[in-house]
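This report refers to the structure that appears directly beneath it.
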Amino acid sequence: MLLDELNQEQRAAAQQTEGAVMIVAGAGSGKTRTLTYRIAYLLEKGVDPFNILSLTFTNKAAKEMKDRIISLVGPKARNIMMGTFHSVFAKVLRAEAERLGYISTFTIYDSDDSKGLIKNILKDHSLDPKTYNPGYVLSRISKAKSSLISPSDYLDNQQLMTEDKASNKPYIGNIYQEYNNRLRKAMSMDFDDLLFNMNILLRDFPDLLLKYQDKFRYILVDEYQDTNFSQYLIIKKLAARYGNICVVGDDAQSIYSFRGANIQNILNFKKDYPDCGIYKLEQNYRSTQTIVKAANSVIAKNRDQIKKEVWTSNEEGHKINYNECENEKEEARWICKEIVSRIQTKNSKFQDFAILYRTNQQSRSLEEVLRLYNIPYRIYSGTSFYDRKEIRDVLAYFRLVVNNSDDEAFLRVINFPTRGIGDTSINRLKILADQKNCSLFEAALNLSYTDGIHARTAQKIVDFALMLRAYTIDVFNKNAYDIGFEIVAKSNIIKHWKEDPDPQSSDRADNIEELLNAVQGFVESSEDAILDQLTGEEISIENKTLDVFLQQVSLMSETDRDDNGENERVSLMTIHAAKGLEFPYVFVCGMEENLFPSIMTIVSRVDLEEERRLFYVAMTRAQTELLLSCANSRFKNGQLNFNERSRFLEEIDQQYFNEEIRMGKKSANPFAFKQNTTETFVPKKIFTPIVNKPLPKPIGGNPVSIEEFFVGMDVAHDKFGFGKIIAIEGTGDDTKAEVNFEAFGTKKLVLRFAKLKKI
DNA sequence: AGGTACTTATAGAGT
DNA sequence: ATAAGTACCT
């Protein structure tokens, strides 16, 4: 029987298929498993997959869950609507776009596009971008949108207006209004619009409300603690007819309030659905007792929480490991050594390790040292592939072809690669478009020589528009790859990078080719539904058009990207990105005050509690071993900073550390706890440690000629990392050195080829 | 118009 | 450290 795979509480939660259900699931308690079996069970009971809506936190999670369900109950599961809030409702909006006066190929703006639009508005209204920092303005707008506050609501809202006046930015409401006007004119939506407009659709079109209530008779929401008001209301409306709503979450893992997530949604579920079944999953199957208990001891410090007792019957396991380092380089080296030692002694694989951090910047020093140790890794957050300039440029061409009204895309590529169209002509064109109340693209297409633009430049503008117009006509008759390939070729963008002498430029050309590969992969893939989940239409290669690709890509995160089968790598990511994942060995680095907890959060209890939940999430990713580290000094924005170790370290019940690494009373002087660093805190190693020496040393070192090497010299090798020369033999080109590497033991190297560097 | 050199800001997490 | 923006030169 299908549900035999679940424990008693999980099974009970899966079996109550009708009505409202809340599953409060502690970390590692088999939440995804329960959801998966619950959906499989629904299908076994005869529920039509077209009637199931399952909302997950990442698209990757959706894909994995769907694959698992398919393996349990067969291919009919493909037709379940499963994905993130944003991707699912983008599909619905695409189908219903004309109700809202949008074209179905509307563009989705990401935060960079949104910031660019705000910058343009500031420029046009002569507002100071220092006062009206685009990032800040966008976050105000975003918070308003995710609370369903429209621009006119904003301008009428006394509290918001007072706040903006107090911060000396009285025009944010007006910027919001203009921002929305321009988005609409460009036939574009930002992330929050996908949810906002879905709400409008359900509010203003009763037939659609009924249609989707009827379609989505069974609704499941994962990570419910991280939903915002806008998402909450969509779900509430959709579920209002049949009442079959199942939410899963853990208030202790709510970490997205900055994005408007409202922890009250889960805390108040019982108020909305008084008859709901509540199930608590408290048995942790993931981690050792040490990890579970240590994490519990930390989260107990929070005041706001649903009471529950997470426990495990797993073995006690290792004590938590901790190392205090001089600086971020030494921290990275410590992590590398710990990884290598486990690889060699415990038969672990690189994919068993994750290095988690609070801020994306921290990945850079880790990266440098991982490369030195020749440890394969993958970064799952930070500047994603799709954020790179060259990729955004190509995507802007695609966007403009699919949606001619997309002015931001137009401005991005009108003169890139350069085609002799400068600021003067572009400003003139903007004025023309404004006068005619049309898009920049249309203005360009219909440019006449009486328009006041130099004839030669005007011709270039018209040529540009005509070139793209040809693709617009074709875009729905060809698959995404065929047309994408042509656009890239014709726009000269690859040629531009290939001819550029800068060494980084050939990488950019390669990236564009990789993007085209991704487009091809999209066209050829059949992993998704065979039938369109909304229309029931068959999906074939002809449906895989460029606009569909764009819509998919704009909602994809780095975590969702394919790893091309190369999965034997250490994972690097922020703690936020690690939510929902698990690894045998987890490093949490940068355990320092002002970094984690972040300096922005330490003034308010509510923010600090969220930060503490974040640490709880980090700890509970670990299955067998948890390793923490901090650095006494660290470069940030090119400046050296000194921080005390994080208060969170002392909040862990000290019995879960080895005796010798328990925290003493926190000292006021950041240097006072320095002497007991590496030697004492590092566990026994199989490699000869050189950590007793005062560090840091520059990483990388300098190349030297063969004669300069001597026995006892500290050297670095591209592959083997740091080592010390223990013997030299031979002369001239045949000179060989025996080097004892920290991580790879003794190697004999021919100096002429080894490219050893002095450190 | 387009490229180069200098200046300045950067605050955190990401659909 | 890095990117983006500005001033200035060709």
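In the text below, chain A, chain B and the rest are named by the order of the sequence lines, each starting its count at 1. Bear in mind that the values here come from a model prediction, so they are computed numbers and not experimental data.
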Protein-nucleotide distance ([X], atom [atom1]; [N], atom [atom2]), rounded to Å:
X: A:D226; N: B:dT15; atom1: CG; atom2: P; answer: 12 Å
X: A:L640; N: C:dA1; atom1: CG; atom2: P; answer: 11 Å
X: A:R634; N: C:dA1; atom1: CZ; atom2: C1'; answer: 14 Å
X: A:N228; N: B:dT15; atom1: CG; atom2: P; answer: 14 Å
X: A:Q225; N: B:dT15; atom1: CD; atom2: P; answer: 15 Å
X: A:I379; N: B:dA13; atom1: CD1; atom2: P; answer: 13 Å
X: A:N59; N: B:dT15; atom1: CG; atom2: P; answer: 9 Å
X: A:D387; N: B:dA13; atom1: CG; atom2: P; answer: 12 Å

**Study point:** Which residues share a ring pair (Phe, Tyr, Trp, His ring centres under 6.0 Å) with A:F596, sequence neighbours left out
**Key:**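 Residues passing ring pair (Phe, Tyr, Trp, His ring centres under 6.0 Å) with A:F596: A:F615, A:F648.
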Review point. Side-chain N or O of A:T574 less than 4.0 angstrom from OP1 or OP2 on B:dG14?
Key: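 It does, given that an N or O in the side chain of A:T574 lies less than 4.0 Å from OP1 or OP2 of B:dG14.
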Practice item. If the plane angle is over 60° it's perpendicular, under 30° parallel, otherwise tilted; pick one for A:Y102 and A:F106. Key: perpendicular
Review point. So A:W497 and A:F416, would you call those rings parallel, tilted or perpendicular, with 30° and 60° as cut-offs?
Key: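 Plane angle between 30° and 60°, so tilted.
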Regarding [X], tell me which of base, sugar-phosphate or nothing describes its non-hydrogen contacts under 4.0 Å with the strands shown.
X: A:S554; answer: nothing
X: A:G422; answer: sugar-phosphate
X: A:F85; answer: nothing
X: A:N415; answer: sugar-phosphate

Review point. After noting the C-alpha distance and the side-chain angles of A:L555 and A:I108, does the key distance pass the side-chain contact (heavy atoms from CB on, under 4.5 Å) rule?
Key: CA-CA 8 Å; A:L555 296 172; A:I108 299 170; 4.1 Å; yes
Point to revise | Contact state string [nucleotides 2-10 of chain C, B base, S sugar-phosphate only, - no protein heavy atom under 4.0 Å] | key: S--S-----
Practice item. Would you mind building the protein contact string for nucleotides 6-12 of chain B? One character per nucleotide, 5' to 3', B for base within reach (heavy atoms under 4.0 Å), S for sugar-phosphate only, - for untouched. Key: ---SBSB
Review point. Going by distance alone, is a donor N or O of one side chain under 3.5 Å from an acceptor N or O of the other, for A:N327 and A:E331?
Key: no
Point to revise | Sorted by number, the residues of residues 191-199 of chain A with heavy-atom contact under 4.0 Å to DNA chain B | key: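 Close to the strand are A:F191.
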Practice item. For A:A518, check side chain to side chain contact (heavy atoms under 4.5 Å, CB included) against everything at least two apart and list the hits. Key: A:Y386
Check your understanding: Got a donor-acceptor contact below 3.5 angstrom from the A:D110 side chain to the A:D113 backbone?
Key -> yes
Review point. Judged by atom type as modelled, is there a donor-acceptor pair below 3.5 Å linking the side chain of A:D607 to the main-chain atoms of A:I602?
Key: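 It does not hold such a pair.
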Review point. Out of B:dT15, B:dA1, B:dG14, which nucleotide sits closest to the side chain of A:S111?
Key: B:dT15
Review point. What do you reckon, are the aromatic ring centroids of A:F57 and A:Y224 less than 6.0 Å apart?
Key: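 Not close enough - the centres of the two rings lie 6.0 Å or further apart.
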**Study point:** A:F258 ring center near A:H576 ring center (under 6.0 Å)
**Key:** yes
Revision key, fill the gap. Comparing nearest nucleotides in DNA chain B, the 5'-proximal residue of the pair A:T58, A:T418 is A:T418
Exercise for review: Take A:R419 and A:R259, find for each the nucleotide of DNA chain B with the closest heavy atom, and name the residue whose nucleotide sits nearer the 5' end.
Suggested key: A:R419
Review point. Looking at A:L55 and A:I235, what are the two nearest heavy atoms and their distance?
Key: CD1-CD1, 3.4 Å
Exercise for review: Could I get the full list of salt bridge (Lys or Arg N to Asp or Glu O under 4.0 Å) partners for A:E223, not counting sequence neighbours?
Suggested key: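 Listed in chain order: A:K31, A:K579.
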Point to revise | Nearest-Å distance once atom C1' is located in both C:dA4 and B:dA13 | key: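 It comes out at 22 Å once rounded to the nearest Å.
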